[in-house]
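A quick write-up on the structure given underneath.
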Amino acid sequence: MSVPTGFGEPVRDPDEAEARMNAWARGLADKAARYQEVGARTEALRLTASSPDGAVRVTVRADGGLVDLEFGDRARSVPLERLSGLVMQTVRQAQAGIADRVAEVMTDGLGDEDAQTRALVLDNLRSRFPDPTDDDEGHDEPAAPPAGDAGPDDEENRPW
């Protein structure tokens with residue numbers, strides 16, 4: 001009697017079939033443990049960036065979410081319109097490093113295993129968090145408000 005194993009040649013010995021299935025199950029359990037470890041390390045990642053003038057410092061998680069925002073003394077002299085642009089630029093700068101850091105974690109935890117899965121994950125991260133220096137839309141400097149639009153700070157002018 002031969003038992004198909006799904007691993008190539010049929011196995012005639014039930015003990016050998018059981019041993020192969022147990023080895024296969026151990027391999028899957030080991031792989032699951034490595035993926036859980038990679039997931040935990042990725043979840044713990046934090047990336048920090050600072051604006052060139054030191055006015056803004058941000059920290060983001062591997063999912064891109066902002067976890068910390070700090071203003072340096074320089075921020076006191078930066079106009080609010082410029083400061084908000086610096087915050088966004090600095091967040092994008094921190095986020096741009098996510099794919100590389102996740103790639104390091106995946107390589108450390110998984111080696112060369114599952115190259116296709118790794119490529120999908122990293123391509124997704126790179127598309128969500130591109131390098132801000134590659135952005136041609138000019139997000140570095142916020143547009144100045146049109147002349148005459150800046151009225152006094154009152155209830156009608158402050159939507160928040």
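Formation of a donor-acceptor pair under 3.5 Å by the Thr107 side chain with backbone atoms of Glu104 is not found in this model.
The OG atom of Ser77 lies 9.5 Å from the CG atom of Leu83; values are rounded to the nearest 0.5 Å. Here the straight-line distance linking atom CZ of Phe129 with atom CG of Leu47 works out to 10.0 Å at 0.5 Å rounding. Arg126 CZ to Ile98 CD1: the interatomic distance, rounded to the nearest 0.5 Å, is 12.0 Å. Atom-to-atom distance recorded for Gln95:CD and Asp63:CG is 9.0 Å, nearest 0.5 angstrom. Note that CG of Asp68 is 7.5 Å distant from OG1 of Thr48, once rounded to the nearest 0.5 Å. Going from atom CZ of Arg101 over to atom CZ of Arg41 covers 9.5 Å, rounded to the nearest 0.5 Å.
For the pair Arg74 and Ala55, the tightest heavy-atom approach, listed with the atom from each and the gap, is CG-CB, 3.8 Å. The heavy-atom pair separating Gly109 from Val38 by the smallest distance is CA-CG2, 3.8 Å. Counting all heavy atoms, side chain and backbone alike, Asp131 lies closest to Ala96 at CA-CB, 3.8 Å. Among all heavy-atom pairs drawn from Leu125 and Ala62, the shortest one is CD2-O, 4.3 Å. The shortest non-hydrogen separation linking Leu122 to Ala99 is CD2-O, 3.5 Å. The two residues Met106 and Arg118 make their nearest non-hydrogen contact at O-NH2, 3.5 Å.
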Before you tell me yes or no, could you show the steps for Ser51 and Thr90 under side-chain hydrogen bond (donor to acceptor under 3.5 Å, both in side chains), namely the whole-Å CA-CA distance, both residues' side-chain angles and the distance that decides it to 0.1 Å? CA-CA 6 Å; Ser51 63; Thr90 308; 4.6 Å; no
Met21 and Glu18: side-chain contact (heavy atoms from CB on, under 4.5 Å), yes or no, with the steps? CA-CA 5 Å; Met21 289 178 64; Glu18 183 177 0; 5.8 Å; no
Please evaluate residues Val91 and Leu66 with respect to the criterion side-chain contact (heavy atoms from CB on, under 4.5 Å), reporting the C-alpha separation (whole Å), side-chain torsions for both, the decisive distance (0.1 Å), and the verdict. CA-CA 8 Å; Val91 167; Leu66 184 66; 4.0 Å; yes
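By the neighbour-count criterion of 12 heavy atoms within 6.0 Å, atom CG of Asp73 is sparsely surrounded, having that number or fewer from other residues, nucleotides or ligands. The 12-atom threshold is exceeded at CZ of Arg34, counting heavy atoms of other residues, nucleotides or ligands nearer than 6.0 Å. The neighbour count for Glu43 CD, taken as heavy atoms of other residues, nucleotides or ligands under 6.0 Å away, does not exceed 12. More than 12 heavy atoms of other residues, nucleotides or ligands shown are found within 6.0 angstrom of CD on Glu113.
There is a path of hydrophobic side-chain contacts, each under 4.5 Å, that joins Leu86 to Leu69. No path of Ile, Leu, Val, Met, Phe, Trp and Tyr side chains, each step under 4.5 Å between heavy atoms, connects Met88 with Val67, placing them in separate hydrophobic clusters.
Within the 4.5 Å cutoff, the side chain of Tyr35 has no heavy atoms near those of the Asp30 side chain.
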